[in-house]
2 protein chains.
Amino acid sequence: MTPATSTPDVYSAIGDPTRRALLLRLAAEGQKNVSELLEPFSISQPAISKHLRILREAGLVRSHKEGRLRLYEVEAASLRQVHDWVSHFERYWDQKLDALGDYLDRQER
Amino acid sequence: MTPATSTPDVYSAIGDPTRRALLLRLAAEGQKNVSELLEPFSISQPAISKHLRILREAGLVRSHKEGRLRLYEVEAASLRQVHDWVSHFERYWDQKLDALGDYLDRQER
DNA sequence: TTGACACATAACCATACGGATATACAATTG
DNA sequence: CAATTGTATATCCGTATGGTTATGTGTCAA
């Protein structure tokens, strides 16, 4: 019985530096196939495919076949939640330590 | 031979939902001691202490003793890099495909 | 001084993770 | 058709991660 394979969340998807690099390159250079994405790294093709799968399951990339290539592109709408979450802490790197920060905080949950 | 215990990076530190909840609460409610932080969770005190250590080593909290309590507070300057990184992808959730987005789109090989 | 409390650390365990190699399969090329 | 290329999946492996219980240490109260 295969145990349900829970979908990976966005935070852990971007926790890996290789996946961040993949995302950044896709954003900078647009669609890429697996071999192209693989090239700058010194890891195996299956390793990259695994990373791409995790990114896809986290909703961070999408892909489609074109001939015998599979093209990947960024689909980063789910990064918005990360952006929003991190923004709660903006006052900690902004100089202005306004007591206004307290207002942000009802967003808890 | 114990292998040097590399300092955890910010991305993996916030990859865990418990640690995100801790950070959010500290930001919302200010200083808290370990027992207070522990209370909403159904995990052990050592587990929380471990999370707090990881947050501390990632530069996300700091602490000081006060009597027999140890008070933790947010120290989230290092979240700025995350915020900046995520911002690279803003155009993927903004409706407005600004000039930068258009420019990048045309670079597609 | 003794005991209780607050917390950290140690030791251990199961599972997840990132990598490798081997293989399967679809699509193109000869 | 067979061979080659592009990619995914299967399997395995070592290490990291998140949890537990047990224990050590500092601080306060009686």
Side-chain angles (χ1 to χ4, degrees), chain A residues 1-26 29-58 60-73, chain B residues 1-23 25-26 29-58 60-73 109:
Chain A
M1 188 181 72
T2 312
T5 316
S6 60
T7 76
D9 79 309
V10 178
Y11 291 94
S12 42
I14 65 170
D16 182 88
T18 299
R19 290 194 287 269
R20 287 198 300 280
L22 288 171
L23 281 177
L24 220 45
R25 192 144 93 97
L26 285 174
E29 306 176 18
Q31 294 190 335
K32 291 284 173 197
N33 65 45
V34 178
S35 308
E36 289 172 320
L37 289 171
L38 171 61
E39 175 247 315
F41 297 98
S42 47
I43 62 179
S44 66
Q45 171 265 312
I48 291 290
S49 282
K50 248 180 165 178
H51 282 305
L52 289 170
R53 182 208 250 264
I54 290 171
L55 289 174
R56 175 166 42 81
E57 289 178 352
L60 290 169
V61 299
R62 62 169 167 257
S63 72
H64 67 279
K65 283 197 74 167
E66 200 150 300
R68 61 181 164 183
L69 305 183
R70 178 166 290 272
L71 298 183
Y72 282 84
E73 60 190 316
Chain B
M1 186 181 72
T2 311
T5 316
S6 61
T7 76
D9 80 309
V10 177
Y11 290 94
S12 44
I14 67 171
D16 182 87
T18 300
R19 289 195 287 269
R20 287 198 301 280
L22 288 171
L23 280 178
R25 192 144 93 97
L26 285 175
E29 305 176 19
Q31 294 189 334
K32 292 282 173 198
N33 65 47
V34 178
S35 308
E36 290 172 318
L37 289 171
L38 169 63
E39 176 247 317
F41 298 98
S42 46
I43 62 180
S44 66
Q45 171 263 313
I48 291 289
S49 282
K50 253 179 164 180
H51 283 304
L52 289 170
R53 181 208 251 263
I54 289 170
L55 288 174
R56 175 167 42 81
E57 289 178 351
L60 290 169
V61 300
R62 61 168 167 257
S63 72
H64 67 278
K65 286 198 73 167
E66 200 150 300
R68 60 180 165 183
L69 305 183
R70 178 166 289 272
L71 299 183
Y72 281 84
E73 60 189 316
R109 278 188 41 86

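FYI, side chains are in, hydrogens and waters are out, and symmetry mates aren't considered; it's all heavy atoms of this structure.
- Proximity of B:L22 to B:F41: side-chain heavy atoms (C-beta onward) are separated by under 4.5 Å at one or more points.
- Residue B:A47 is in base contact, counting any heavy-atom pair closer than 4.0 Å across all strands shown.
- One distance of note links CG of B:L69 with CD of B:E36; it measures 7.5 Å at 0.5 Å rounding.
- Annotation for B:R20 and B:I14: closest pair NH1-O, 2.7 Å, computed over non-hydrogen atoms.
- Listed here is the closest heavy atom pair of A:L52 and A:L37: CD2-CD1, 4.0 Å.
- Between the CZ atom of A:F41 and the C1' atom of C:dG19 there is a distance of 14 Å, given to the nearest Å.
- The heavy-atom pair separating A:R19 from A:A13 by the smallest distance is NE-O, 2.7 Å.
- Residue whose closest nucleotide on DNA chain C sits further toward the 5' end, between A:K65 and A:T18: A:T18.
- Listed by first then second residue, pairs satisfying salt bridge (Lys or Arg N to Asp or Glu O under 4.0 Å) with a partner in residues 64-73 of chain A read A:R62-A:E73, not counting sequence neighbours.
- Rounded to an integer number of Å, the gap from CD of B:E66 to C1' of D:dG26 is 15 Å.
- In this structure, B:L23 and B:L60 approach most closely via the heavy-atom pair CD2-O, 3.7 Å.
- Distance, A:I43 CD1 to D:dC13 P: 21 Å, rounded to whole Å.
- The shortest heavy-atom contact between A:N33 and A:S35 is OD1-N, 3.0 Å.
- Taking atom CG of B:D16 as the reference point, atom P of C:dT15 lies 18 Å away to the nearest angstrom.
- For the atom pair B:E39 CD and B:I48 CD1, the distance stands at 10.5 Å (nearest 0.5 Å).
- We find that NE2 of A:H51 is positioned 15 Å from P of D:dT9, with the value rounded to whole Å.
- As a whole-Å value, the separation of B:Y11 OH from C:dG18 C1' is 19 Å.
- Taking the C1' atoms of five terminal pairs at each end of the helix from C:dT1-D:dA30 to C:dG30-D:dC1, the two resulting helix axes are inclined by 10°, rounded to 10°.
- Per the geometry, CD belonging to A:E57 stands 11 Å off P belonging to C:dC17, to the nearest Å.
- When the P atom of D:dT17 is taken as reference, atom CG of B:L55 falls 13 Å away, rounded to whole Å.
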Protein-nucleic acid N or O pairs under 3.5 Å, nucleotides 7-11 of chain C:
| residue | atom | partner | partner atom | Å |
| --- | --- | --- | --- | --- |
| C:dC7 | OP1 | B:V34 | N | 3.2 |
| C:dC7 | OP1 | B:R70 | N | 3.2 |
| C:dC7 | OP2 | B:S35 | N | 2.7 |
| C:dC7 | OP2 | B:S35 | OG | 2.3 |
| C:dA8 | OP1 | B:Y72 | OH | 2.5 |
| C:dA8 | OP2 | B:S49 | OG | 2.3 |
| C:dA8 | N7 | B:Q45 | NE2 | 2.9 |
| C:dA8 | N6 | B:Q45 | OE1 | 3.4 |

